[in-house]
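Some notes on the structure that comes next.
Order of listing sets the numbers, starting from 1, for every ligand and every atom in it.
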Amino acid sequence: MTETSLMAADIALCRMDEVPEDGALRVELEGRPPLAVFRVGGRFHVTDDTCTHGEASLAEGEIDVEEGIVECPWHAGAFELATGKPCGAPCTVALRVHAFEERDGRLFLKE
Ligand code: FES
C-alpha cells in the first residue's frame, strides 16, 4: 500500500449506523464539495451530493430502492447510485461516484 492510499483511507466519512436504511446522509469534509452517502438494500454508495443539473442536495432526494436510483428534489432528474449515470431528464451529466471502504463500522473515502 502506498503512502497516498494509506492517507486517503483515513478520510472518515461517517459511521455506518448514521446512514438510515434506504436513505442518505450528507457529509461535508473541509476543502471538498459535499458528499452524499446512500444506503440502499443494505449496500452503501458515495457520490457527490450536488446534482449536476443545479445546486440541489441529492441526499434530500427520493430514493427508488428497487431501481437503485436517486431522484433530485428540484427538477426530478435522476441518477444511478452505483454508477452515477444520469437516468432521468433533465440530468445529462454523470454524478461523480467515490470509492470507499467499510472498516470498524465506519466508512472511509478511498481517493
Ligand atoms: S437541480 Fe437536480 S434536476 Fe435540476
Practice task
Would you give the length of the straight line joining atom CD of Glu18 to atom CZ of Arg39, rounded to the nearest 0.5 angstrom?
Solution key: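 With rounding to 0.5 Å, CD (Glu18) is 11.0 Å from CZ (Arg39).
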Handout entry: Proximal ligand 1 atoms for Trp74, defined as those under 4.0 Å from one of its heavy atoms
Key = 1 (S)
Practice task
Any atoms of ligand 1 less than 4.0 Å from a non-hydrogen atom of Cys72? List them with their elements.
Solution key: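 Matching atoms, with element in brackets: 1 (S), 2 (Fe), 3 (S).
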Practice task
Using the rule that two of Ile, Leu, Val, Met, Phe, Trp, Tyr join whenever any of their side-chain heavy atoms come within less than 4.5 Å, decide whether Ile69 and Phe79 are in one cluster.
Solution key: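 No, it is not one cluster - the side chains of Ile69 and Phe79 are not joined through contacts under 4.5 Å.
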Exercise for the section: Locate the shortest heavy-atom distance separating Asp48 from Leu95; write the atom from each residue and the value. Expected result: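 Looks like O-CD1, 3.6 Å.
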Practice task
Verify the neighbour count for atom CG of Asp17: are there more than 12 heavy atoms of other residues, nucleotides or ligands below 6.0 Å?
Solution key: yes
Problem - Close side-chain approach of Phe38 to Val46, heavy-atom, < 4.5 Å - result: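 Phe38 vs Val46: side chains apart.
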Handout entry: Side chain, backbone, both or neither: Cys91 near ligand 1, heavy atoms under 4.0 Å
Key =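 Only the side chain of Cys91 comes within reach of ligand 1.
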Problem - Protein residue, atom and distance nearest to atom 4 (Fe) of ligand 1, heavy-atom basis - result: His75 ND1, 2.0 Å
Exercise for the section: Indicate if the distance from atom 2 (Fe) of ligand 1 to the nearest N, O or S atom of His53 falls below 2.8 Å. Expected result: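 It does not; every qualifying atom lies at 2.8 Å or beyond.
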